[in-house]
Each structure stands twice: as structure tokens, then as C-alpha cells.
Amino acid sequence: MRPLIAAIDLSAIRHNYALAKRCAPGRQAFAVVKANAYGHGVREVVASLRGEADGFAVACLEEAAEVRALDDLARVLLLEGCFEPAECQLAAQLGLDVVVQGPEQAEALLGAGLSRPLNVWLKLDSGMHRLGFAADELRRWHARLRGAAQVAELNLISHFACADLRGHSLNDVQLEGFLDLLDLDFDQRSLANSAAILTMPAAHMDWLRPGIMLYGASPFADLSATDLGLKPAMSLSAQLIAVREIAAGETVGYGATWEAARPSRIGTVSCGYADGYPRHAPNGTPVVVNGRRVPLAGRVSMDMLALDLSEMPEARVGDPVELWGAQLPVDELAQACGTIGYELLTKVTARVPRRYLA
């Protein structure tokens with residue numbers, strides 16, 4: 001078996017969900033499990049949170065159906081709503097909470113003959129300018145949907161654009177725009193993503209939506225997961241599969257982008273971009289071998305990457321390698337690669353076996 005594995009600590013996910021709830025006592029929380037639970041495995045994550053999570057949030061109907069099959073009691077929120085009218089009936093059959101983010105979705109809902117009414121979340125475009133109604137338009141749709149046969153609860157939802165940038169002026173603008181609509185008769189309200197849960201108590205409302213924090217990564221560039229009390233859930237681990245000596249002036253990898261400035265030891269690791277490790281990781285990106293950090297040497301290949309082991313003469317074939325995890329936070333690797341932890345976690349591919357720790 002190829003020596004590469006993503007170990008998932010389900011107890012860490014439960015810890016992080018509980019931390020989100022402790023940030024906002026008395027509120028409920030949708031655990032965001034879209035994109036295969038951010039690469040961690042939606043079946044295992046939902047099963048682990050069953051009975052603890054108040055609800056789950058997903059991006060599309062296919063994801064919602066999978067979650068509903070795993071938990072027949074929790075609320076399941078369809079974040080992007082129904083993409084065609086026929087999906088409204090299936091959403092009703094599954095007992096979903098459904099975002100309505102535009103006039104097309106609202107008209108389709110009102111024209112649908114449903115087996116039971118839906119919990120509807122009217123989406124306000126409070127400043128993200130991606131999905132949702134402008135405030136005046138939302139007021140008009142509130143009047144049309146309140147009391148409609150297709151609607152059980154009528155709720156309000158929006159999404160921050162810059163909650164991960166503490167003190168950004170848009171955060172206050174978005175919060176104020178959301179609060180301005182609370183003269184309307186809404187049953188439930190939801191605004192806070194991970195960053196807002198952790199640092200914006202005024203945004204907590206009735207329902208939280210913990211996403212990246214659930215998996216033990218930080219939404220902030222200047223606050224680590226450890227600073228926030230989060231536990232990392234995924235550790236991506238491999239092994240050294242080859243070690244060789246090269247002379248000064250020799251190069252490593254495609255494009256010969258790394259050149260040895262001295263006689264060097266090069267280790268080859270069983271992980272590449274086809275596994276989800278970022279191809280654009282630059283020379284010098286840290287990797288942990290036997291508990292010590294060493295630098296990446298050369299371009300990441302499809303199935304392998306190379307390390308400069310010159311400062312580790314004791315390193316041998318078979319030694320353990322951590323690409324990210326407890327010794328190297330995914331956020332630190334992401335920053336070194338010019339991306340975010342969200343991308344790295346969601347890009348771990350299906351060929352990487354997951355091992356689950358309860």
C-alpha cells in the first residue's frame with residue numbers, strides 16, 4: 001500500500017463544534033459539511049456529530065440527500081437553494097431548510113405544489129454581492145412569502161465578506177444592514193460564519209454556521225488555530241521512499257528549478273499534486289521528517305515531492321513525513337504557498353485513504 005494517509009480525528013471535530021457553541025451560549029449551529037465535509041469525509045463527520053449537531057449545512061441537493069440519509073432528525077440547510085423548480089419538491093420530501101437567494105427561486109417556490117411546507121431562509125445581499133436580495137427587494141418578498149402555503153418558517157440569512165479581517169469597515173456595514181431588517185417578522189436569523197462566531201458576538205443571532213473552524217483551521221491570518229482553542233482534525237502523512245546524495249551544482253525535479261549549493265541529501269516523499277498537495281509550493285516550503293522541519297526542494301510532481309535532507313544525515317527510507325497536521329498547521333503551509341487552509345483541505349483527493357480516529 002502506498003505510504004500516504006489522511007488521518008481524521010473525529011474527536012477534534014466534536015471539540016471544535018462544541019467550542020463554536022460555547023462562543024454563543026443559547027444559540028444553535030449548523031455544522032457546515034459541504035464539499036465532503038471540507039475533504040474530511042461527510043459520512044464519517046455527520047455520523048460523529050449525530051445527536052450533537054443541531055443541523056448541517058450543504059451546498060447542493062445531492063449533498064443534502066446524503067446528509068439526510070445519515071441523520072433523519074437534524075435540520076439540513078441548503079445554502080445555495082434549489083437550482084430548478086423540481087428540486088423544491090425533493091427538498092420538501094427530504095425535510096430541508098432552503099435558502100431562497102433570488103427572484104427566480106422565490107417564484108419557483110411559490111409555484112410549487114409541495115408535499116409539506118419548507119423552512120425558508122431569505123438571503124440578504126448585505127455587501128458580499130454574490131447571492132441574495134437587496135434590502136428593499138427582500139422586504140417585498142417577505143410580504144409575499146409570509147403566510148404562503150409553501151412556507152413553514154420564514155427566516156433571514158446573510159454572509160460576511162470580510163469577517164476574517166478584524167476591524168474591516170464592511171463588517172459593520174453588513175451587520176447594520178442585517179439588523180435594519182429585523183423589524184420584519186422572521187422566525188430565525190443566521191449571519192455568523194466561523195470568523196464571526198469567534199470574534200463578533202453581535203453577529204451571533206439564532207443560528208451559527210461554523211465551517212473552517214469545525215476542522216481545526218483558523219479563518220484568520222494573524223490568529224492560529226491554537227490561539228483560538230481549535231484542534232486540527234486532519235493530519236496528512238507520508239514516508240520517505242528514497243534518499244540519495246547529489247553533488248553541488250546538480251538539480252532536482254522538473255524544470256531543474258532547485259540547484260544544490262553544496263553536496264546535498266535529497267529525500268523523495270510519497271505525495272504529490274494528484275493527492276492534493278499544492279503544485280505551486282515554492283522551494284523552502286516546510287515539511288516535517290521525524291519531528292524536524294526540512295525544506296521542499298524543486299517542483300512538486302504528480303505523485304512525489306523532494307526534500308533537502310542535508311541537515312538530517314540520520315534520515316532513512318521509511319521515515320515518517322508530515323505534510324500538515326499537529327506539527328505543521330495546515331494554515332502555515334497554506335500561507336507559505338500563497339493560499340488558504342480551506343483549499344488545501346478540500347483538495348485532498350479520493351485516492352488518499354482516510355483513517356478515522358474516534
Task: Thr285 (side chain) donor-acceptor with Leu296 (main chain) under 3.5 angstrom - done: no

Task: Heavy-atom donor-acceptor pair, Thr199 side chain to Ala195 backbone, under 3.5 Å - done: yes

Open item on the list: Please check this pair: side chain of Thr346 against backbone of Glu343, looking for a donor-acceptor N/O pair closer than 3.5 Å.
Closed with: yes

Open item on the list: Keeping Glu250 on the side-chain end and Ile246 on the backbone end, is there a donor-acceptor pair under 3.5 Å?
Closed with: no

TODO: Indicate yes or no: does Arg14 engage Asp9 in a salt bridge with an N to O separation below 4.0 Å.
DONE: no

Open item on the list: Taking Asp275 first and then Arg351, would you say they form a salt bridge - that is, a charged N and a carboxylate O separated by under 4.0 Å?
Closed with: yes

- [ ] Give the C-alpha distance, both sets of side-chain angles, the deciding distance and a yes or no for salt bridge (charged side-chain N to carboxylate O under 4.0 Å, His left out) between Asp180 and Arg139.
- [x] CA-CA 11 Å; Asp180 282 347; Arg139 286 182 177 276; over 6 Å; no

TODO: Report whether Leu138 and Val173 are members of the same hydrophobic cluster (ILVMFWY, side-chain heavy atoms less than 4.5 Å apart, transitive linking).
DONE: no

Task: Linked, directly or transitively: Phe83 and Leu96 (ILVMFWY side chains, under 4.5 Å) - done: no

TODO: Sequence neighbours left out, what passes ring pair (Phe, Tyr, Trp, His ring centres under 6.0 Å) with His159? Give chain and number order.
DONE: none

Open item on the list: How long is the straight-line distance from CD of Glu153 back to CH2 of Trp121, given to the nearest 0.5 Å?
Closed with: 7.0 Å

Task: Side-chain heavy-atom pair Pro232, Trp324 within 4.5 angstrom cut-off - done: no

Open item on the list: Do Leu345 and Met234 make a side-chain contact, defined as non-hydrogen atoms from C-beta onward lying under 4.5 Å apart?
Closed with: yes

TODO: Run the numbers on Val269 and Tyr277 for side chain to side chain contact (heavy atoms under 4.5 Å, CB included), then give the verdict.
DONE: CA-CA 11 Å; Val269 179; Tyr277 194 87; over 6 Å; no

Task: Side-chain heavy-atom pair Leu191, Trp207 within 4.5 angstrom cut-off - done: no

Open item on the list: Taking the six-membered ring of Phe178 as reference, does the cationic atom of Arg189 (NZ for Lys, CZ for Arg) lie under 6.0 Å from its centre and within 45° of its axis?
Closed with: no

Open item on the list: List the residues meeting salt bridge (Lys or Arg N to Asp or Glu O under 4.0 Å) with Arg146, not counting sequence neighbours, and say none if there are none.
Closed with: Asp185, Asp187

TODO: Could you tell me whether Glu66 and Arg43 have a side-chain N and a carboxylate O separated by less than 4.0 Å?
DONE: yes

Open item on the list: Let me check something: do Tyr342 and Leu323 share a hydrophobic cluster, defined by ILVMFWY side-chain heavy atoms less than 4.5 Å apart, either directly or through other members?
Closed with: yes

Open item on the list: Just verifying a value: how many Å separate Thr268 OG1 and Leu305 CG, rounded to the nearest 0.5 Å?
Closed with: 8.5 Å

Task: Pairs involving residues 279-321, ordered by first then second residue, that meet ring pair (Phe, Tyr, Trp, His ring centres under 6.0 Å) (sequence neighbours left out) - done: none

Task: 4.5 Å side-chain heavy-atom contact, Asp72 and Arg50 - done: yes

Open item on the list: Whether Glu137 and Lys123 form a salt bridge (side-chain N of Lys/Arg under 4.0 Å from carboxylate O of Asp/Glu) is what I want to check.
Closed with: no

Open item on the list: Quick check: closest heavy atoms across Ala297 and Ile266, and the distance to 0.1 Å?
Closed with: CB-CD1, 4.5 Å

TODO: Look at the side chain of Thr251 and the backbone N and O of Trp258, then say whether any donor-acceptor pair between them is shorter than 3.5 Å.
DONE: no

TODO: Determine whether more than 12 heavy atoms belonging to other residues, nucleotides or ligands lie under 6.0 Å from atom NZ of Lys21.
DONE: yes

- [ ] Determine whether Arg209 and Ser190 make a side-chain contact, defined as any pair of heavy atoms from C-beta on separated by less than 4.5 Å.
- [x] yes

Open item on the list: What verdict does the salt bridge (charged side-chain N to carboxylate O under 4.0 Å, His left out) test give for Glu314 and Arg265, after you've listed the backbone C-alpha separation in whole Å, the side-chain angles of each residue and the deciding distance to 0.1 Å?
Closed with: CA-CA 10 Å; Glu314 73 280 9; Arg265 297 188 86 222; over 6 Å; no

TODO: Quick one: sort the Trp141 and Phe133 rings into parallel, tilted or perpendicular, breaks at 30° and 60°.
DONE: tilted

Open item on the list: Strictly distance-based, threshold 3.5 Å: is any side-chain N or O of His204 a donor or acceptor partner for the main-chain N or O of Ile197?
Closed with: yes

Task: Point-to-point distance, once rounded to the nearest 0.5 Å, from NE2 of His40 to OG of Ser48 - done: 12.0 Å

- [ ] For salt bridge (charged side-chain N to carboxylate O under 4.0 Å, His left out), just list the numbers for Arg130 and Asp125, CA-CA rounded to whole Å, side-chain angles, deciding distance to a tenth of an Å, and then say yes or no.
- [x] CA-CA 7 Å; Arg130 188 176 62 179; Asp125 180 4; over 6 Å; no

Task: Ala315 versus Leu309, closest heavy-atom pair with distance - done: CB-CD1, 4.0 Å

Task: Gap separating the CD atom of Gln188 from the CG atom of Asn155, nearest 0.5 angstrom - done: 5.5 Å

- [ ] State which residues pass ring pair (Phe, Tyr, Trp, His ring centres under 6.0 Å) with Tyr17; sequence neighbours excluded, sorted by chain then number.
- [x] none

Task: Arg299 side-chain N/O to Pro282 backbone N/O, donor-acceptor pair under 3.5 Å - done: no

Task: Test side chain to side chain contact (heavy atoms under 4.5 Å, CB included) applied to Asp303 and Ser270, step by step - done: CA-CA 6 Å; Asp303 312 302; Ser270 53; over 6 Å; no

Task: Flag side-chain contact, heavy atom, 4.5 Å: Asn283 against Asp308 - done: no

TODO: Measure across Asn171 and Ala163 and return the closest heavy-atom pair with its distance rounded to 0.1 Å.
DONE: OD1-N, 3.3 Å

Open item on the list: Please give me the minimum heavy-atom distance between Leu223 and Ser218, naming the atom from each residue.
Closed with: O-OG, 2.5 Å

Open item on the list: Between Arg75 and Asp54 (side chain of the first, backbone of the second, donor and acceptor by atom type, cut-off under 3.5 Å), is there such a pair?
Closed with: no

TODO: Check the hydrophobic clustering (I, L, V, M, F, W, Y; side-chain heavy atoms under 4.5 Å; chains of links allowed) and say if Val45 and Leu357 are grouped together.
DONE: no

TODO: Might you point out which heavy atoms bring Ala152 and Asn119 nearest each other, and give the distance in Å?
DONE: CB-OD1, 3.5 Å

Open item on the list: Looking at Ser194 and Met213, would you say the former's side chain and the latter's main chain have a donor-acceptor pair under 3.5 Å?
Closed with: yes

Open item on the list: Pairing donors with acceptors under 3.5 angstrom, does anything connect the side chains of Gln89 and Ser115?
Closed with: yes

Atom pairs and distances, side-chain donor-acceptor, residues 26-39, under 3.5 Å, sequence neighbours left out:
| unit_1 | atom_1 | unit_2 | atom_2 | d |
| --- | --- | --- | --- | --- |
| Arg27 | NE | Met205 | O | 2.8 |
| Arg27 | NH1 | Pro25 | O | 3.4 |
| Asn36 | OD1 | Val42 | N | 2.9 |

TODO: Would you check if Gln150 and Leu118 make a side-chain contact, meaning some heavy-atom pair closer than 4.5 Å?
DONE: no

Task: Common cluster, Val352/Ile5, ILVMFWY with side-chain heavy-atom separation under 4.5 Å - done: no

Open item on the list: I need the Tyr273 OH to Met302 CE distance, nearest 0.5 Å.
Closed with: 4.0 Å

TODO: Begin with the C-alpha distance, continue with both residues' side-chain angles, and end with the deciding distance and a verdict on side chain to side chain contact (heavy atoms under 4.5 Å, CB included) for Leu328 and Arg293.
DONE: CA-CA 9 Å; Leu328 178 62; Arg293 293 189 176 203; 3.5 Å; yes

TODO: Quick one: pull up CG in Asp319 and CE in Met312 and give me the separation to the nearest 0.5 Å.
DONE: 6.5 Å

Task: Within-4.5 Å side-chain heavy-atom neighbours: Ser310 and Arg262 - done: yes

Task: Residue pairs, two or more places apart or on separate chains, that pass salt bridge (Lys or Arg N to Asp or Glu O under 4.0 Å) and touch residues 101-119 - done: Glu107-Arg144

Open item on the list: I'd like to know whether CD of Gln93 has more than 12 heavy-atom contacts from other residues, nucleotides or ligands below 6.0 angstrom.
Closed with: yes

